[in-house]
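Below is one structure; the comments refer to it alone.
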2 protein chains.
Amino acid sequence: MKDDTVGIACDWGTSNLRVYRLGPNAKIIEKRDFSAGITAIKNRKFEDTFMKATQDWLHEYADVPITISGMAGSRQGWKEAPYLPCPTNVLTIANNLTPIRLRSGRIVWLTPGLSYTNSDGLPDVMRGEEVQILGALSTINSEKITICLPGSHSKWATVVGEDVTEFNTYITGELFEAIKSHTIVGAMIDPNSWDEKAFIEGIEFSASTNNILNQLFAVRAKGLFNQLTTATAGAFLSGLLIGHELEAALAGARFRKVYLIGHGQLTNLYHTTLLEKGFDPKILTPDIIANGHFKLMKTIERNVS
Amino acid sequence: MKDDTVGIACDWGTSNLRVYRLGPNAKIIEKRDFSAGITAIKNRKFEDTFMKATQDWLHEYADVPITISGMAGSRQGWKEAPYLPCPTNVLTIANNLTPIRLRSGRIVWLTPGLSYTNSDGLPDVMRGEEVQILGALSTINSEKITICLPGSHSKWATVVGEDVTEFNTYITGELFEAIKSHTIVGAMIDPNSWDEKAFIEGIEFSASTNNILNQLFAVRAKGLFNQLTTATAGAFLSGLLIGHELEAALAGARFRKVYLIGHGQLTNLYHTTLLEKGFDPKILTPDIIANGHFKLMKTIERNVS
């Protein structure tokens, strides 16, 4: 049965494959979620996996554009889609899509990742988040926007007008896991416990002038003096690390509004931390990526026609 | 055969047990080293292990004092010797030794650990290093001294006159291992490679104003852009972390001289980093601990007689 489907979008990350069937105005008509991130794909069977996820849609909607974002475009993915340097915008991204011809002859379009080199000459990269950011822009009316995407490698992006002007990645989430599972600080953490008060204390602790390498040992010492317990140490450590991230990401910020794209526990922790530091956070769902893909599809169509 | 042995000293840490037979002026007449740190001791057989290491000495030198420093005095060790708060000095340490009576009736003396609470109210602890510091003091003629003891938890202590006034611990070494073995940054490191130039670049990198959580991701991004390779990334990461530690430990320092107590590769890295940052480092051997034990023995004798 035909309906008003206008495109097929795919968010293919390290751990998950999500496909969206989109209608007018980026409406999500149908969404499918698979535990088939690129690290789970054996023998480079990317096309087979993609076909399995979308076969009926491809058949039914033979003429709509197909866009794919995320790690599928990395060197380890389906095909490498080069990084596009910031500042950049939706038009430039749409003009730098990498085509893949399916065995059926149909074309799918891989989005580029973004790169950014800061004033110290440090490179940074993102893949997939840029389409979420494009999506968020279509729902926000502001000249300058700060967007945070919590994750094991969380991203902080600045958008001015239509341009993603800069972004920075923080390895906070992955470092938290490494510390928790593989250090003496982690040895005092009960992974099944959480304590909101200790989390807030960790945020406050992060604002002290001490170096993080010293503070991490202080977490251990607090355990020895019963200022932290196995039940509270994990939340405290989490607050400490996220607090440090926000301290750096928002240094000198003159605005209060921050958009978070994410869901679940981790995003809630960022929300709490932002409130604690006096900011005004607003959470957007990751499905906002549908709006980003929709924008790209419209741009492709405009360029082609 | 009797000789001029004046005491038996023992440095009993997490991984190693070292025993020293000392002569006048802290001369090391004989040293024995065992892979019998406290974590290797089963069923609390501390006395048996100690006896095995020193039996002939105990028999031969029935009247000399015996002192033991390090993790043997921790809660997980032979017997808990409480932490002594800083500022403190050799006399206070000697007055706070914890006696253990051996089955033979003879007494051995466990040294206390030290604790320090900084101006932010953060606690810190050391065990064993304090006797190395006492030892170092006997060879240095200066009113104010900065001592660094590199290790998986490196210690920075300040000594004014006879007093250890403050110290701070940095978890740098253990964090380096956790990052190397359990993160995406570590995945790009060949553990068998080392590159001195990359280490120096890592030190320089640490001095930029960016947050360490962001810089750790930059190490990864540098790999993507071939600015780092599997052969250079490990040394770069090491320079970055040690550089951050020194940046914090020596913030605002008006002196240039820094004493390092340690040996081997890690101590050499701290030496290089201190030179790179314009300091004047001097390396002292860990056996300097013999001087510290000797001082304690002399103080005990003076107090007893």
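Residue numbering restarts at 1 for every chain, and letters A, B, ... go by the order of the sequence lines.
- At distances below 3.5 Å, at least one donor-acceptor pair connects side-chain atoms of A:E174 with backbone N or O atoms of B:I184.
- Neither the backbone nor the side chain of A:E177 comes within less than 4.5 Å of any heavy atom of chain B.
- Atoms CD1 and OG1, from A:I179 and B:T183 in turn, are 10.5 Å apart once rounded to the nearest 0.5 Å.
- Classified by interplanar angle (parallel below 30°, tilted 30° to 60°, perpendicular above 60°), the ring pair B:H182/A:H182 is parallel.
- For A:H244, the parts lying near chain B are the backbone and the side chain together; criterion is any non-hydrogen pair under 4.5 Å.
- Put simply, of B:S152, B:P123, B:A251, the one with the most heavy-atom pairs under 4.5 Å next to chain A is B:P123.
- Shortest non-hydrogen contact noted between A:L241 and B:L213 is O-CD1, 3.6 Å.
- Taken to the nearest 0.5 Å, the OG1 atom of A:T172 stands 9.0 Å off from the CG atom of B:L216.
- Interface residue B:Q227: only side-chain heavy atoms are found under 4.5 Å from chain A.
- Proximity of a side-chain donor or acceptor of A:N214 to a complementary backbone N or O of B:T169 within less than 3.5 Å is detected.
- In this structure, CZ in B:F205 is found 4.0 Å from CG in A:L122, a value given to the nearest 0.5 Å.
- Looking at A:K180, neither its backbone nor its side chain comes within 4.5 Å of chain B, counting heavy atoms on both sides.
- Only the side chain of A:R75 has a heavy atom closer than 4.5 Å to any heavy atom of chain B.
- Among B:W156, B:F225, B:Y170, the residue making the largest number of heavy-atom pairs under 4.5 Å with chain A is B:Y170.
- Checking side-chain atoms of A:D120 against main-chain N and O of B:S208 turns up no donor-acceptor pair under 3.5 Å.
- The side-chain contact (heavy atoms from CB on, under 4.5 Å) test with B:F217 is passed by exactly one of A:N168, A:D124, A:L175: A:D124.
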